[in-house]
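For ligands, and for the atoms within them, numbers begin at 1 and follow the listed sequence.
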Amino acid sequence: MTEQNEKISQRTLPLIPLRGLTVFPYMVLHFDVGRERSINALEEAMVSDQMIFLSSQKEAETSSPGAEDVYEVGTISRIKQMLKLPGDNIRVLVEGISRGRVKQFVQEIPYFMVEVEEWEESDLPSEDPETEALMRSVIDAFEKYIEVSNKISPEIFMTITEIENPGRLADSIAANIILKPHQKQEILEAFEAVERLEVLYRFLLEEIEILEIEKKINTRVKKQINKVQKEYYLREQMRAIQKELGEDEGVVEEVDQYRKQLKKIKLPKELHQKIEREIDRLTKLPASSAETGVIRNYIDWVLNLPWHKETKDRLDLKRSAEILDEDHHGLEKVKERILEYLAIRQLSKSMKGPILCLVGPPGVGKTSIGKSVARSLDRKFVRMSLGGMRDEAEIRGHRRTYIGAIPGRIISSIRQAGTRNPVFLLDEIDKLANDFRGDPASALLEVLDPEQNNDFTDHFMEIPFNLSKVMFITTANSLDTIPRPLLDRMEVIRIPGYTEDEKLAIAEKYLLPKQIKDHGLQPENLKVSEKALREMINSYTRESGVRNLERQVANICRKVVRRIVEEDIKFVRVTPGNLKKYLGTPQFRYEMAAQKDEVGIARGLAWTVVGGDTISIEVTPMKGTGKLELTGRLGDVMKESARAGISYIRSRVDMFGIDPDFHSKQDLHIHIPEGGTPKDGPSAGITMATAVISALAGIPVRKDVAMTGEITLRGRVLPIGGVKEKVLAARRAGIRKVLLPKDNEKDVEEIPENVRKKIEFVFVEHMDQVLEHALVQGEKDDH
Ligand code: ADP
């Protein structure tokens, strides 16, 4: 069809290179001409037939283009009008006539003259259905383009859609839309109508897509701007009203400040909005009202919690081991367990899993191990004591309706830590109480449970805080009173207590240097002799740990500082001789082994809150009716042990020559004269039975023997706890022989070698063996 409709002819024309502009056939437009060569070309055209060849420069910036700088394909145009502008410029109105391709440059100076091949195109409507379909698609796309671009009037659209010739349609649309120069050129270079339509169609679709994205961005930005403007406007208004009312302008600034801070802490959207509402309330209430104080306090808490702030863990087991060693003497097993625990954490990369529970008497270094763990991980450390806590609100806080309410101690401690992943030591978890005010243990369970604690909600805060990154460590003196569900979550590490030698080493290596430093002294100012330290350990303190020892060392340091200042001396040496001068008279005398073997007195070993201790059990039989009287601090468990002991004795009356009816004719008075309340009542069983038999049979008990073990009705001896502490206590009291249940034999390994060597251990399974070793053989005291 093209062959019939289009024809090609040659002509020679002056050329004007266009910058950033493309002229299409049938298009009328004007442009300004200023370059000398272009003006010359224009003049040449005017003197001949007013026809000119317009072709675009490849680069609009080129100021004096050569032949190679203009596109070959351009438009043969007719000059319709010329207008001289101020200066040397001329405005020209032209009409595109037809496409042309440069065959040859005839001259370049004083103006371009080219030989062009002219492409004359048919003017007829299309008859080909495919072309027809393509035209419709192009028109649809053009309509869409107009809709999104909003730049072309509906009239132009109407005129263009009436065009029936495909090539002309394409040219008219191309002339009216905004395209890049190279795109327009591509359309111009499409001589065939179908090809032209296709190229145009592709560009239209691309443009539409870009325009739609642009539009979306615009509306979004506009919306944001509108909202900001609206808020700004309202705030300004409010400010003006407040000013009129004579209210504190400070509030507005404060609120602005709060808003800024709130943005920084990046709460989830709902929570953010909730806090925003609280902040807004501040502006609505009179500045002096009591409620603003409450709100301010609340906002203050929210803004100051470490919502996202955390320290980066330093996972380096070697360094952890060094730090634990640096801070603590001995405790090899404990350190090993801690390192294993850290290793597992490091491997699993999560802080889920059991919580460490360090169990042992006061002052053995539980807190200080917690601190070292924090230091070795580069985490912050916080500590919270649970001792005597009976109110759930202490953990979870009070609702804000309470005047003066504050968050619970968990949230307070987190704020104090300043990060959301501190090492958090929960001290004395065994001392939790529970009463009508709610059960702190169950609240605590929620805190410690990795399934629940990622949104721990304090009553005061009302919004959840994530505790899952916190590393909790608990401590306890004993496991007996820890609520079972809590205990199940914990991995227990026992720290038993120190021997005299260990205490000495701790005092020399850690406590003394630390106190000397804390008191501003130099190491050469003060020496405490080993003997003096031993004296302090034995006569000035009575403990399994070293807390009081540390206090006594601090006492000495204080007094020494005073002497140095007042008496102008440089050096003080503390020895047993002058110890009294610094610490006063000794406060404790350990109950020492008895001076002689006695009837009715047996020495037991107990495990008290301060560690191990010896207890003497005294039994006095009196005429009566078989009553059992117990004095001293004894629990019900002790009574049961005493009864079990008596049942056993009734089966052995013959052996010891005891009156078979003693239990109905005699009352027994059992007394424990001194020492703390034993925590493990039943372990005094064999001691009590020994004392009773000794009393009834009149056989003395050996003064250098001590014992511990539970007794059954038939006289079997059952195992007990706290072997190490008990044996250490026996050693302190100068006991030589210790009777222990057979089942406790393995525990003896825990006892330091030097103590073990000085004591003879007898492992017993039955009360008969106990008596064999405890009673003085062949002696009977007739009274
Ligand atoms: P707890 O928490 O078990 O009651 P602390 O951790 O408060 O005991 O310890 C009391 C003091 O004794 C601290 O100053 C601690 O550093 C020190 N201490 C305890 N055990 C050791 C040890 N093995 N080595 C060095 N210092 C110790």
Side-chain angles (χ1 to χ4, degrees), residues 320-339 355-376 381-389 413 423-432 471-479 481-482 490 492-519 528 533 536-537 540-558 607-612 676 679 722 724-725 728 750-752:
S320 300
E322 278 164 18
I323 287 181
L324 283 172
D325 280 341
E326 205 172 291
D327 296 349
H328 302 96
H329 169 82
L331 297 177
E332 306 309 336
K333 262 196 175 163
V334 177
K335 288 175 188 166
E336 217 168 278
R337 289 279 303 274
I338 299 259
L339 290 173
I355 287 149
L356 272 190
C357 179
L358 303 170
V359 183
V364 289
K366 299 184 294 295
T367 312
S368 121
I369 284 181
K371 274 188 199 156
S372 293
V373 169
R375 187 157 84 89
S376 79
F381 177 83
V382 274
R383 175 175 169 240
M384 158 180 170
S385 175
L386 299 169
M389 185 181 283
S413 302
V423 169
F424 198 134
L425 192 85
L426 294 164
D427 232 351
E428 304 195 299
I429 196 164
D430 55 335
K431 306 276 182 346
L432 269 185
M471 179 173 185
F472 287 104
I473 297 181
T474 60
T475 82
N477 290 147
S478 99
L479 294 180
T481 52
I482 300 182
M490 302 196 283
V492 172
I493 298 183
R494 285 183 191 274
I495 310 184
Y498 299 116
T499 60
E500 187 182 320
D501 289 342
E502 284 171 331
K503 286 184 186 176
L504 180 69
I506 294 173
E508 281 178 337
K509 279 201 269 173
Y510 296 89
L511 307 183
L512 198 55
K514 188 168 134 213
Q515 292 300 331
I516 285 180
K517 188 161 162 244
D518 289 356
H519 283 81
V528 183
L533 283 172
M536 285 164 69
I537 290 165
Y540 288 86
T541 60
R542 184 195 204 108
E543 58 179 353
S544 295
V546 290
R547 187 174 289 169
N548 289 324
L549 184 59
E550 185 170 28
R551 246 175 240 151
Q552 298 294 16
V553 171
N555 278 345
I556 292 182
C557 289
R558 253 200 327 275
W607 186 18
T608 72
V609 278
V610 295
K679 281 192 302 184
K724 182 181 172 192
E725 288 87 343
L728 292 181
E750 271 186 46
I751 300 164

Give yes if a backbone or side-chain nitrogen or oxygen of [X] is under 3.5 Å from a nitrogen or oxygen of ligand 1, and no if not.
X    : value
L511 : no
I506 : no
L331 : no
H329 : yes
T367 : yes
S368 : yes

Could you list which atoms of ligand 1 come closer than 4.0 Å to a heavy atom of [X]?
X    : result
V364 : 3 (O), 8 (O), 19 (C), 20 (N)
K514 : 14 (O)
V546 : 12 (O), 17 (C), 18 (N), 19 (C)
Y510 : 25 (C)

Is a donor on one side and an acceptor on the other found under 3.5 Å between the side chain of [X] and the backbone of [Y]?
X    : Y    : value
D430 : S478 : yes
E326 : A321 : no
E725 : S544 : no
K503 : V546 : no
K335 : G330 : yes

Test item, [X] contacting ligand 1 (heavy atom, 4.0 angstrom):
X    : result
D327 : yes
E502 : no
P362 : yes
G545 : no

Which residue holds the protein heavy atom closest to [atom], what is that atom called, and what is the gap in Å?
atom                    : answer
atom 14 (O) of ligand 1 : E550 OE1, 2.8 Å
atom 21 (C) of ligand 1 : Y498 OH, 3.6 Å
atom 8 (O) of ligand 1  : G365 N, 3.1 Å

task = Supply the atom-to-atom distance S372 OG to F381 CZ, rounded to the nearest 0.5 angstrom.
result =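 Answer for the OG-CZ pair, S372 versus F381, is 9.0 Å.
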query = For E750, what residues pass the side-chain contact (heavy atoms from CB on, under 4.5 Å) criterion, not counting sequence neighbours?
reply =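 For E750 the side-chain contact (heavy atoms from CB on, under 4.5 Å) partners, ignoring immediate neighbours, are K333, P496, K724.
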ask   = Partners of R337 by side-chain contact (heavy atoms from CB on, under 4.5 Å), sequence neighbours excluded?
value =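 side-chain contact (heavy atoms from CB on, under 4.5 Å) list for R337, sorted by chain: E340, E491, I493.
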task = Measure from atom 4 (O) of ligand 1 to every heavy atom in R547, H328, R551 and give the option owning the shortest one.
result =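 Nearest heavy atom to atom 4 (O) of ligand 1 lies in R547.
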Between Q515 and D518: side-chain donor-acceptor atoms closer than 3.5 Å =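 No, D518 and Q515 have no side-chain donor paired with an acceptor closer than 3.5 Å.
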ask   = Are the side chains of V364 and R494 in touch, meaning some heavy atoms are under 4.5 Å apart?
value =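 Of all side-chain heavy-atom pairs linking R494 with V364, none is under 4.5 Å.
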query = Is D327 paired with R375 through a side-chain N to carboxylate O contact shorter than 4.0 Å?
reply =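 The answer is yes: the pair qualifies as a salt bridge.
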